[in-house]
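Take a look at the structure set out below.
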Protein chains: 2
Amino acid sequence: MKNPIADLNKIFDSRIRLGVMSMLVVNKEIGFNDLKQMLELTDGNLASHLNTLEQAEFIKVHKGFIGRKTNTTYSITDLGRQAFKAHLDALEKMIRKL
Amino acid sequence: MKNPIADLNKIFDSRIRLGVMSMLVVNKEIGFNDLKQMLELTDGNLASHLNTLEQAEFIKVHKGFIGRKTNTTYSITDLGRQAFKAHLDALEKMIRKL
DNA sequence: ATATTTAACTTTGAAAAACAAAGTACTTTT
DNA sequence: AAAAGTACTTTGTTTTTCAAAGTTAAATAT
């Protein structure tokens, strides 16, 4: 037997980062406030998790406007999609026995 | 939309506890050393994660012998099986979109 | 024109979690 | 008698998480 958790990605140990990714997999862009409300987070907390995902280049940020109001949105990168899929595959392999 | 991470169980945020549970789901009993080797952990670290799972009554411990040598094994409880399944269901719901 | 609000952060600091290393008690093997 | 294995507990450090407050800049309300 081999270590069943070795292939899990440390970045996705966090439920919040997992939640962000799961949302970005199906929505090409999501706004900061939408994420904040959906995941019920303080802005500081959300911002720091987003920063972790950005550092890993799993997501990228778009600073734009709605009318003349600033609007920041996030989207998943190809690398992020790959890494997320790999993580889910590892998870599934781990629990396929069920 | 509703918060996609709200139904995840905090106890299973840890990859190690997730690994332990995934092993106990398919093996009715696993020894301390087997867990330790499989998950590549120090005994202190493993013991404390096992303790967390025990406190939650997700696993139970059996102190026995192999011959005249002490042997501690762990098994999943009904509650543990339920909770683990609920967690996996929540995870799956979160990512079914893929 | 001034004040308040909103957006999207950054900084600070505290609390919690994870972890390794060492120590313990007891037994077994050499 | 000495060394090694089992299953921890204790101690202390490091890492992670998080909330709260502060910041900057623009928008809206008064």
Side-chain angles (χ1 to χ4, degrees), chain A residues 3-6 8-24 27 29-56 58-75 83 87, chain B residues 3-6 8-24 27 29-56 58-75 83 87:
Chain A
N3 185 339
I5 64 181
L8 297 176
N9 190 324
K10 287 234 168 71
I11 289 192
F12 302 131
D13 279 357
S14 151
R15 71 212 277 105
I16 291 176
R17 293 191 296 265
L18 207 60
V20 168
M21 293 301 282
S22 81
M23 291 176 70
L24 287 179
N27 299 93
E29 280 192 281
I30 308 184
F32 184 89
N33 272 314
D34 290 338
L35 286 169
K36 185 179 133 188
Q37 281 157 29
M38 193 88 57
L39 300 173
E40 299 173 72
L41 302 170
T42 56
D43 10 359
N45 194 11
L46 174 57
S48 77
H49 283 290
L50 289 174
N51 192 52
T52 299
L53 290 171
E54 229 187 307
Q55 294 293 109
F58 289 173
I59 65 173
K60 59 181 187 302
V61 64
H62 310 272
K63 273 143 197 302
F65 294 87
I66 289 182
R68 307 183 61 205
K69 220 168 161 180
T70 63
N71 186 59
T72 304
T73 61
Y74 297 86
S75 64
H87 179 78
Chain B
N3 185 340
I5 65 181
L8 297 176
N9 190 324
K10 288 235 168 70
I11 289 192
F12 303 130
D13 279 356
S14 154
R15 71 213 278 103
I16 292 176
R17 292 191 297 263
L18 209 58
V20 169
M21 292 300 282
S22 81
M23 292 175 70
L24 287 181
N27 300 92
E29 280 192 280
I30 308 183
F32 185 88
N33 272 316
D34 291 339
L35 287 168
K36 184 179 134 188
Q37 281 156 32
M38 193 88 59
L39 301 173
E40 300 174 72
L41 303 172
T42 56
D43 3 357
N45 195 10
L46 174 57
S48 79
H49 283 291
L50 289 174
N51 191 53
T52 299
L53 291 171
E54 230 187 304
Q55 293 294 108
F58 289 174
I59 64 173
K60 59 183 187 300
V61 64
H62 310 272
K63 273 140 197 304
F65 294 87
I66 289 184
R68 306 184 60 204
K69 221 168 161 179
T70 62
N71 186 59
T72 304
T73 62
Y74 297 86
S75 65
H87 180 77

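Letters go in sequence order (proteins before strands), and every chain restarts at 1.
Within the 4.0 angstrom heavy-atom criterion, no nucleotide atom of any strand lies near A:K36. At the heavy-atom level, B:I16 lies under 4.0 Å from the strands shown only through sugar-phosphate atoms. Using a 4.0 Å heavy-atom cutoff across all strands shown, B:S14 reaches sugar-phosphate atoms only and no base atom. Residue B:N33 is classed as a sugar-phosphate contact, given heavy-atom separations below 4.0 Å to backbone atoms only. In this structure, B:R15 reaches neither bases nor backbone, as no heavy-atom distance under 4.0 Å exists between it and the strands shown. Using a 4.0 Å heavy-atom criterion, one finds that B:F65 contacts no nucleic acid atom at all.
As rounded to whole Å, 12 Å separates atom P of D:dT17 from atom CG of A:L18. For the pair B:N45 CG and D:dT11 P, the interatomic distance rounds to 18 Å; values are reported in whole Å. Atom P of nucleotide D:dT15 and atom CD1 of A:I11 are separated by 16 Å, given to the nearest angstrom. Distance A:I66 CD1 to D:dT28 P: 12 Å, rounded to the nearest Å. One atom, CG of A:L46, and another, P of D:dC18, lie 11 Å apart when rounded to the nearest Å. Remark: C1' of D:dT17 and CG of A:N51 are 14 Å apart, rounded to the nearest angstrom. One atom, NZ of A:K10, and another, P of D:dT16, lie 9 Å apart when rounded to the nearest Å.
Checked against the 6.0 Å centroid criterion, the rings of A:Y74 and A:F58 do not qualify as a close aromatic pair.
Comparing A:D43 and B:G44 by the nucleotide of DNA chain D that holds the closest heavy atom to each, the one mapping nearer the 5' end is B:G44. With DNA chain D read from its 5' end, the first of the two nearest nucleotides for B:F32 and A:S48 is the one closest to B:F32.
Not one N or O on the side chain of B:R15 forms a donor-acceptor pair closer than 3.5 Å with the backbone of A:D13.
The side-chain heavy atoms of B:T52 and B:R17, taken from C-beta on, include a pair separated by under 4.5 Å. At a threshold of 4.5 Å between non-hydrogen side-chain atoms, the residues B:N27 and B:I30 count as touching.
Of all nucleotides in DNA chain C having an atom under 4.0 Å from a heavy atom of chain B, the first and last in 5' to 3' order are C:dA18 to C:dT28.
The two residues A:L39 and B:N3 have their closest heavy-atom pair at O-ND2, 3.6 Å.
Side-chain atoms of B:H62 and B:S75 form a donor-acceptor pair, as typed in the model, at a separation below 3.5 Å.
In this view, A:E29 and A:T73 satisfy the side chain to side chain donor-acceptor pair (under 3.5 Å) rule, not counting sequence neighbours.
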